[in-house]
Amino acid sequence: MNLASLTPQQFLDRHWQKQPLLIREAFAGFTPPLTPDELAGLACEDNVEARIVIEQPDGTPRWIVRHGPFTAEDFAHLPETHWTLLVQDVDKYVPECAALLEQFNFIPSWRIDDLMISYAAPFGTVGPHIDAYDVFLLQAAGERRWAIDPIPESTAEITDIDLKILGNFKKKSEWVLAPGDMLYLPPGVAHHGVADSECMTYSIGFRAPSDAELLADFAGWLAQKADAGGRYADPDLQLDEAEAGQIASSARERIRTKLRHYLAMDDAELDRWFGCFITEPKPWLVAAPPDEAIAAADLIARLRAGERLQRAPAARINFIPGTLFCDGNAYDLPSAAADIAPLLASRRSLSWADLAASLKIDATVALLTDLYNAGKYYFND
């Protein structure tokens, strides 16, 4: 991948979360892993998040949003122009698309959310909007015209539609992207893409949890840690402690003490919560266990025979020293097995040569066996 002749560090210093960057021929000669028909087929499957957005320039309402799963008949009745199909998390279903994300490994993998692919008929668009996260917009096929406003005067959105569309978008810059071109946009940049011709666009989006999301999950984590039988108690209640209807200072202090007890977490416990939170998959993307569980000895034998362990496309793996996180679960590692964590987090495919030294450690063998039996890995010869 080309970053407009910038090194990854130069890109991070000058553009990441700072200013847009147009990159011509970022992927010279790019060949899309999926055809439009294959993308439409994926949008027809259960548990695949897909939408069709239709713009009616002279209609009421102007915008129509339909949610999948779709059928072949749905596509047969679409107009010739002014519509877009969007499919989320394509990397979780198509290994070739997951491999594309490795081109962005200069960004920490826990920050990468998904690869969304859109197909647009001529003049197809989802309207001008603002994303709350960073995004790389890779033109995969055809041409799309992008207009941006880095600092929009108004962020007011059109009401009464199932889309977040800006009501008063004013373009400041505009480019036409051809196959292989890419546009990087930091959060908060208003942008509007319109297909000049039949086209496909790959959107690489990043995780940027809101404060509300962090706090909501953290509260759930605290609730799981709480004493299930614990309740408010006041055995020393005094008759004249407060006027009728008043919440006495002693009662308020009991509540403050109880909550502070649960909030008094050390850094290690906070790290453990965050590792589980940030690797938690969407419920419909949780990997299914294999039909038959594998024994540790059989796993080793198959690796030795030349089969490769392949990470399930939907599995999210990250680590902090001493702990591996996979799909919302934490696996504590003894020091002897610590080297396996960066290997699992950075590689999607593992051979006997990659793992031979690690497989001498019982804890590593047990971990790999557990991950395989949970559906996080499968054998690919």
Side-chain angles (χ1 to χ4, degrees), residues 1-4 8 11 15-16 20-43 45 48-53 68 83-107 109 111-122 124-127 129-148 175-187 189 191-208 282 285 313-314 316 348:
M1 180 177 66
N2 163 40
L3 286 172
F11 168 81
H15 294 278
W16 180 252
L21 177 65
L22 173 66
I23 309 168
R24 295 293 187 190
E25 296 188 331
F27 287 81
F30 181 74
T31 301
L34 286 181
T35 66
D37 285 345
E38 289 170 334
L39 184 68
L42 190 60
E45 295 184 11
V48 172
E49 194 176 355
R51 294 170 292 158
I52 291 175
V53 177
W83 64 270
T84 304
L85 167 68
L86 305 102
V87 183
Q88 300 284 157
D89 291 296
V90 178
D91 55 299
K92 313 303 190 301
Y93 305 100
V94 183
E96 293 82 359
C97 291
L100 176 65
L101 296 182
E102 295 179 5
Q103 296 291 321
F104 299 87
N105 61 9
F106 55 95
I107 308 294
S109 63
R111 287 281 268 124
I112 296 177
D113 190 6
D114 78 329
L115 170 64
M116 181 187 76
I117 297 182
S118 67
Y119 166 83
T125 178
V126 297
H129 61 282
I130 293 175
D131 291 325
Y133 49 83
D134 305 84
V135 63
F136 288 93
L137 299 164
L138 169 63
Q139 195 59 27
E143 294 186 342
R144 181 182 286 273
R145 185 179 303 271
W146 285 102
I148 70 167
W175 309 278
V176 175
L177 270 64
D181 294 342
M182 187 166 67
L183 178 63
Y184 163 74
L185 297 176
V189 173
H191 51 289
H192 186 198
V194 180
D196 274 3
S197 61
E198 179 184 15
C199 74
M200 295 180 73
T201 303
Y202 285 25
S203 300
I204 297 91
F206 291 80
R207 286 194 166 188
K282 297 174 182 177
L285 292 175
R316 299 185 65 89
R348 290 188 172 273

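Since the structure is predicted, the reported quantities are computational estimates derived from the model, not experimental observations. The analysis underlying the following values was restricted to heavy atoms, covering all of them including side chains, and did not include hydrogens, waters or symmetry mates.
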remark   = Per side chain to side chain contact (heavy atoms under 4.5 Å, CB included), L115 is matched among I204, L138, V87 by I204

message = Using 30° and 60° as the class boundaries, would you call the ring planes of F11 and Y184 parallel, tilted or perpendicular?
response = perpendicular

query = Hey, is the main chain of T35 close enough, under 3.5 Å, to the side chain of E38 for a donor-acceptor pair?
reply = yes

inquiry  = Suppose we screen for side chain to side chain donor-acceptor pair (under 3.5 Å). Which residues come up paired with H15, at least two apart in sequence or across chains?
reply    = none

ask   = Is the side chain of Q139 donor-acceptor paired with the backbone N or O of A141 at a distance under 3.5 Å, no angle test?
value = yes

inquiry  = Suppose we screen for ring-ring contact (aromatic ring centres under 6.0 Å, His included). Which residues come up paired with F30, at least two apart in sequence or across chains?
reply    = F27, Y202

task = Using side chain to side chain contact (heavy atoms under 4.5 Å, CB included) as the criterion, list what pairs up with A208, not counting sequence neighbours.
result = R111, Y133

query = With sequence neighbours excluded, what pairs up with P187 under the side chain to side chain contact (heavy atoms under 4.5 Å, CB included) test?
reply = Q17, D134

For residues 94-107, tabulate all N or O donor-acceptor pairs below 3.5 Å that involve a side-chain atom, not counting sequence neighbours.
from, atom 1, to, atom 2, distance (Å)
Q103, OE1, M1, N, 3.3
N105, ND2, E102, O, 3.3

request  = Identify, with sequence neighbours excluded, every residue that meets side chain to side chain donor-acceptor pair (under 3.5 Å) alongside R144.
outcome  = T201

task = Using the test side chain to side chain donor-acceptor pair (under 3.5 Å), find all partners of D181 that sit at least two apart in sequence or belong to another chain.
result = R24

Side-chain atoms of residues 193-200: list all donor-acceptor pairs with protein atoms under 3.5 Å, sequence neighbours left out, distances to 0.1 Å.
from, atom 1, to, atom 2, distance (Å)
D196, OD1, R145, NE, 3.4
D196, OD2, R145, NH2, 3.0
S197, OG, E143, N, 3.3
E198, OE2, Y119, OH, 2.7

query = Counting distance only, does the side-chain N/O of S203 pair as donor-acceptor with the main-chain N or O of L137 below 3.5 Å?
reply = no

task = Give me the one residue out of I112, D131, D114, V135 that meets side chain to side chain contact (heavy atoms under 4.5 Å, CB included) with F206.
result = I112

inquiry  = Under the rule for side chain to side chain contact (heavy atoms under 4.5 Å, CB included), what residues qualify as partners of A121, not counting sequence neighbours?
reply    = W83

ask   = Residues two or more places apart in sequence or in another chain: which of them pass side chain to side chain donor-acceptor pair (under 3.5 Å) with D113?
value = none

